[in-house]
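Remarks on the structure that follows.
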Amino acid sequence: MQVTSDLFYNQLPEYKLPLAELIRNEDLFYQVPQDWHVIITDIKGSTKAVIQGQHETVNLLATGSIVAVLNFVFKRGITVPFFFGGDGATFIVPPSVLDVLMDLLLLYKENVLLNFGLELRVGTLPVQQIYSKGNELRISKFNIARSFSIPVVLGTGLSYAERLIKAEDYLFAQQGDVTEVLDLSGMQCRWDKIGPPENSSEVVTLLVVSGKNRTQSLVFSKVVALLDDIYGEPRKRQPISVAKLKLNTTFNRLNREMRSRMGEIRFFELIRTG
């Protein structure tokens with residue numbers, strides 16, 4: 001597959017086969033270009049913040065870093081894979097947008113600290129360095145609905161990058177001259193909490209790590225297949241449906257959104273948003 005570096009992810013084929021089957025077929029995964037970079041954002045001390053009842057704020061601020069990145073690359077016709085981690089996010093980006101994205105995220109970091117008193121760590125690592133240390137980073141697109149797909153990754157590359165960036169001795173980047181405007185438009189959550197699926201009282205979240213001597217694709221494929229056997233196909237077990245979506249536009253929630261988007265509460269904008 002011959003594509004330009006910037007459009008590598010744009011032009012990846014999308015696969016509609018079952019997820020367990022996709023993961024098992026390593027031929028459907030493509031090596032991320034060496035000149036791309038991994039960017040990781042992370043709320044430092046998020047566990048303590050969640051214990052103190054700030055879990056919605058932590059989630060919102062982590063989402064903000066995704067919105068900032070996607071809004072910028074979208075205007076340039078570039079699609080980048082990203083992964084939401086609850087208290088942060090991981091991106092894999094081409095070199096042409098790296099510097100601007102880092103400046104925007106560092107600007108967002110300042111906003112988070114000023115308005116919420118939370119520290120957002122922002123770090124980056126070249127994919128070439130990931131490969132030089134013996135790690136793999138291969139990616140595929142899993143089509144889960146019409147016009148919607150998600151990235152699926154194999155290899156130890158992202159976990160290696162995360163360990164380095166979250167280490168105490170990591171040298172974080174310094175903000176340069178920001179020429180772009182931080183665009184957080186579309187950053188909002190109007191929906192109330194969603195309960196578990198019908199006829200069930202459990203929501204299961206799994207973190208699965210493959211052992212060093214085991215093939216990731218086989219291990220993860222077996223786990224996904226087992227979930228399908230126990231809980232049914234994804235479409236049947238997903239807890240989110242149109243019928244369950246209920247608006248929740250409380251002042252506190254709008255307050256958090258406004259502060260993360262603008263850095264201050266603007267009364268008339270708050271009324272318009274609500």
Side-chain angles (χ1 to χ4, degrees), residues 38-70 81-91 104-125 150-151 153 158-170 172-173 182 184 186-197 200-209 223 227 231 237-240 244-265 270 273-274:
V38 173
I39 295 177
I40 292 178
T41 65
D42 170 66
I43 299 289
K44 188 175 182 179
S46 59
T47 301
K48 181 179 179 181
V50 169
I51 293 175
Q52 294 174 345
Q54 300 185 69
H55 61 281
E56 289 188 357
T57 298
V58 169
N59 288 165
L60 180 69
L61 297 178
T63 303
S65 64
I66 295 176
V67 174
V69 169
L70 297 189
F82 68 92
F83 308 88
F84 177 65
D87 62 349
T90 299
F91 311 89
L104 289 174
L105 287 172
L106 290 172
L107 183 61
Y108 181 62
K109 169 190 173 86
E110 289 184 357
N111 192 43
V112 168
L113 182 61
L114 176 64
N115 291 283
F116 297 91
L118 293 172
E119 181 181 350
L120 180 73
R121 294 185 288 194
V122 180
T124 183
L125 196 69
I150 61 173
V153 167
L158 293 185
S159 59
Y160 169 76
E162 183 177 2
R163 287 198 307 272
L164 258 60
I165 292 173
K166 291 185 178 181
E168 292 298 327
D169 58 349
Y170 178 81
F172 288 96
L182 182 62
L184 295 175
M187 179 180 168
Q188 58 184 20
C189 180
R190 295 291 181 267
W191 308 114
D192 203 353
K193 296 177 181 178
I194 299 172
S200 176
S201 60
E202 65 178 352
V203 175
V204 178
T205 301
L206 296 179
L207 294 177
V208 182
V209 179
V223 171
L227 289 175
Y231 296 103
R237 67 173 185 257
Q238 62 185 10
I240 299 177
K244 287 191 174 184
L245 292 176
K246 296 180 180 179
L247 285 173
N248 183 343
T249 53
T250 63
F251 180 82
N252 284 338
R253 177 167 294 187
L254 294 176
N255 183 321
R256 286 195 300 271
E257 290 181 13
M258 292 298 298
R259 282 195 293 158
S260 58
R261 285 165 55 185
M262 298 182 178
E264 60 181 3
I265 304 300
L270 186 60
T273 304

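Along the sequence shown, residues are numbered consecutively beginning with 1.
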Given Asn111 and Leu107, is the side chain to side chain contact (heavy atoms under 4.5 Å, CB included) satisfied, shown in steps? CA-CA 7 Å; Asn111 192 43; Leu107 183 61; over 6 Å; no
Distance in Å, [X] [atom1] paired with [Y] [atom2], rounded so as to fall on 0.5 Å steps:
X	Y	atom1	atom2	answer
Leu104	Leu182	CG	CG	6.0 Å
Leu184	Thr63	CG	OG1	11.0 Å
Ile165	Ile40	CD1	CD1	4.0 Å
Phe91	Leu70	CZ	CG	6.5 Å
Ile66	Leu105	CD1	CG	10.5 Å

Give the intermediate values and the outcome of side chain to side chain contact (heavy atoms under 4.5 Å, CB included) for residues Phe82 and Ile39. CA-CA 9 Å; Phe82 68 92; Ile39 295 177; over 6 Å; no
Counterpart residues, side-chain contact (heavy atoms from CB on, under 4.5 Å), relative to [X] (two or more places apart):
X	value
Ser46	Ile43, Val58, Asp87
Gln54	Ala49, Gln52, Thr57, Leu118
Ile150	Phe142, Ile144, Phe148
Leu164	Leu125, Gln129, Tyr160

Side-chain heavy atoms of Lys109 within contact of Glu119, under 4.5 Å: yes
Is there side-chain contact between Tyr108 and Thr41, with at least one heavy-atom pair below 4.5 Å?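 No, every pair of side-chain atoms sits at 4.5 Å or beyond.
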Taking ring-ring contact (aromatic ring centres under 6.0 Å, His included) as the test, write out the residues that go with Tyr170, two or more places apart.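 Partners of Tyr170 under the ring-ring contact (aromatic ring centres under 6.0 Å, His included) test: Phe172.
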Under the side-chain hydrogen bond (donor to acceptor under 3.5 Å, both in side chains) rule, collect the residues that match up with Asp42, sequence neighbours excluded. Arg121
With a 3.5 Å distance limit and no angle check, can you tell me whether Thr124 reaches the backbone of Val38 through a side-chain donor-acceptor pair? yes
Shortest non-hydrogen separation from Gly86 to Ala62 and the atoms involved: O-CB, 3.6 Å
